[in-house]
Amino acid sequence: MKITDFSGKNRQFMTQRKSLDLLAFTAMIIFCLIMGAQQTAMKDIAFDLSPTLQVAIRSSLAACMIWCIMFAKNESFNWRPGALKFALLAGSFMGVEFLLLGKALLYTSAAHSVVFLYSAPIFTALLLHFKVKEERLQLVQWLGILSAFVGLALAFLGGSSLTASASGDVWVGDALAIAAALVWSLSTVTIRGSVLAHISVKQTLFFQLLACSVVLFVYAILMEPLVVHVHSSLIWNMVFQTVVVSFAAFLIWFWLLNHYVAAQISGLSFITPMFGVMFGVVLLGEPLEMNFLVGAALVLCGLVCINRKVTKLSEATSTANC
């Protein structure tokens, strides 16, 4: 199989994707653990360093790390026409997504935020249904979307005296997390429906992280009071978010996409909210409400049904980016 790049030259597609094996399964579990811990890490230091600044700092540093890797490998930025524009647009969506998520964490629990954030495939599937002919939803996907929306409504509207006692505005945080999921889906659709689906993932990710950090730095400087309480826990937390979440986790994900069948590894990604809820309860002592658990279960069931369409998107995108 040959892919034509911007320079007009053909390059051989060398990597034959393998079925899921023990190495891939282990790597995927590690990836899900990392991403599930992200919201807990952000919330843990939210009042020492605003979540907006947290993501701005870690995104800019992760972008520098990716540039260093590309420089060391002597990789150049070979763009197709319009690719830079779409990469910056996708990065701006990423910035808005994390801005909304950061605000959500000030009102709601890490467990709530991770479940609502990872409802993004629901909105992605709906948007692609109307945008891309090949991504039209079938009956099982519509049933999955119905299940997911019922679950979101139950988790969002059910309420909890335990959670509400900590903050009377939990519903605000939940709504912001759902809005973050919607913006995340816009970023995915931008990549899927543009020339970004046919260029190096490192190049796309570099400009996404760069645009994301600019959006968040500007917002933090103009709209937020600069409050920073420096201590050892905050420093180690930011090291974890930068090196492990924004850099290593993305490298693991893209390595898996380049070497294994995307449909199989994407199916495992839906355990991330489970890890997120676990970390919130164990590390932050967050309460669990029965309505939220039932709603989260319905969301996960719906995501599994939708997964057949979403993994087709992942397979096409990863194949083009190798």
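When atom types are taken as modelled, the side chain of Ser59 and the backbone of Ala56 share no donor-acceptor pair closer than 3.5 angstrom. Using modelled atom types, no side-chain atom of Thr108 and backbone atom of Ala104 make a donor-acceptor pair closer than 3.5 Å. Remark: side-chain polar atoms of Thr188 are paired, donor with acceptor, to backbone N or O of Trp184 under 3.5 angstrom.
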### Task
Give the C-alpha distance, both sets of side-chain angles, the deciding distance and a yes or no for side-chain contact (heavy atoms from CB on, under 4.5 Å) between Leu89 and Phe207.
CA-CA 9 Å; Leu89 178 61; Phe207 281 102; over 6 Å; no
### Query
What do the steps show when you test Leu53 against Leu226 for side-chain contact (heavy atoms from CB on, under 4.5 Å), and what is the final call?
CA-CA 9 Å; Leu53 270 178; Leu226 184 60; 3.6 Å; yes
### Task
Determine, stepwise, if the pair Leu101 / Glu97 fulfils side-chain contact (heavy atoms from CB on, under 4.5 Å).
CA-CA 6 Å; Leu101 177 62; Glu97 171 203 337; 5.5 Å; no
### Task
Apply side-chain contact (heavy atoms from CB on, under 4.5 Å) to the pair Leu61 and Met238, showing each step before the final yes or no.
CA-CA 10 Å; Leu61 292 176; Met238 287 304 300; over 6 Å; no
Could you pull out every donor-acceptor pair under 3.5 Å between side chains of residues 277-287 and any protein atom, sequence neighbours left out?
residue	atom	partner	partner atom	Å
Glu286	OE1	Ala110	N	3.3
Glu286	OE1	Ala111	N	3.1
Glu286	OE2	Ala110	N	2.7

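Interatomic distance, CG of Leu88 versus CG of Leu210, reported as 7.5 Å (0.5 Å rounding). From His112, atom NE2 reaches atom NZ of Lys43 across 10.5 Å, with rounding to the nearest 0.5 Å. With values rounded to the nearest 0.5 angstrom, Phe217 atom CZ is found 5.5 Å from Ile57 atom CD1. A distance of 7.0 Å separates CD of Gln38 from OG of Ser246, quoted to the nearest 0.5 Å. The CD1 atom of Ile271 lies 3.5 Å from the CD1 atom of Ile29; values are rounded to the nearest 0.5 Å. The line from CE of Met94 to CG of Leu209 is 5.5 Å long, rounded to the nearest 0.5 Å.
Side-chain heavy atoms closer than 4.5 Å link hydrophobic residues (I, L, V, M, F, W, Y) into clusters, and following such links, possibly through other members, connects Ile45 to Val230. In this structure, Phe47 is not a member of the same hydrophobic cluster as Val227, with clusters built from ILVMFWY side-chain heavy atoms closer than 4.5 Å. Put simply, Tyr107 and Trp171 are part of the same group of oily side chains (I, L, V, M, F, W, Y) that touch within less than 4.5 Å, one to the next.
The closest side-chain heavy-atom distance from Leu105 to Ser113 is below 4.5 Å. With contacts defined as side-chain heavy-atom distances shorter than 4.5 Å, the pair Asp44/Asn237 qualifies. At a threshold of 4.5 Å between non-hydrogen side-chain atoms, the residues Val183 and Leu99 do not count as touching. Between Phe247 and Thr242, every side-chain heavy-atom pair lies at or beyond the 4.5 Å cut-off. Contact annotation: the side chain of Met70 approaches that of Gln203 to within less than 4.5 Å [non-hydrogen atoms, C-beta and beyond]. A heavy-atom distance below 4.5 Å is found between the side chains of Pro51 and Leu106.
A side-chain donor from one of Ser50 and Glu224 sits under 3.5 Å from a side-chain acceptor of the other.
Residues Phe98 and Cys212 approach most closely at CD1-SG, 4.4 Å, considering heavy atoms. The two residues Gln241 and Met42 have their closest heavy-atom pair at OE1-CG, 3.5 Å. Nearest heavy atoms, Leu127 versus Ser185: CD1-OG, 3.6 Å. When all heavy atoms are compared, the tightest approach of Leu126 to Phe149 is CD1-CE1, 3.9 Å. Minimum interatomic distance between Gly95 and Leu216 (heavy atoms only, all atoms of both residues): O-CD2, 3.2 Å. Nearest heavy atoms, Leu234 versus His229: CD1-O, 3.4 Å.
Here Trp67 and Phe71 bring their ring centres to under 6.0 angstrom of each other.
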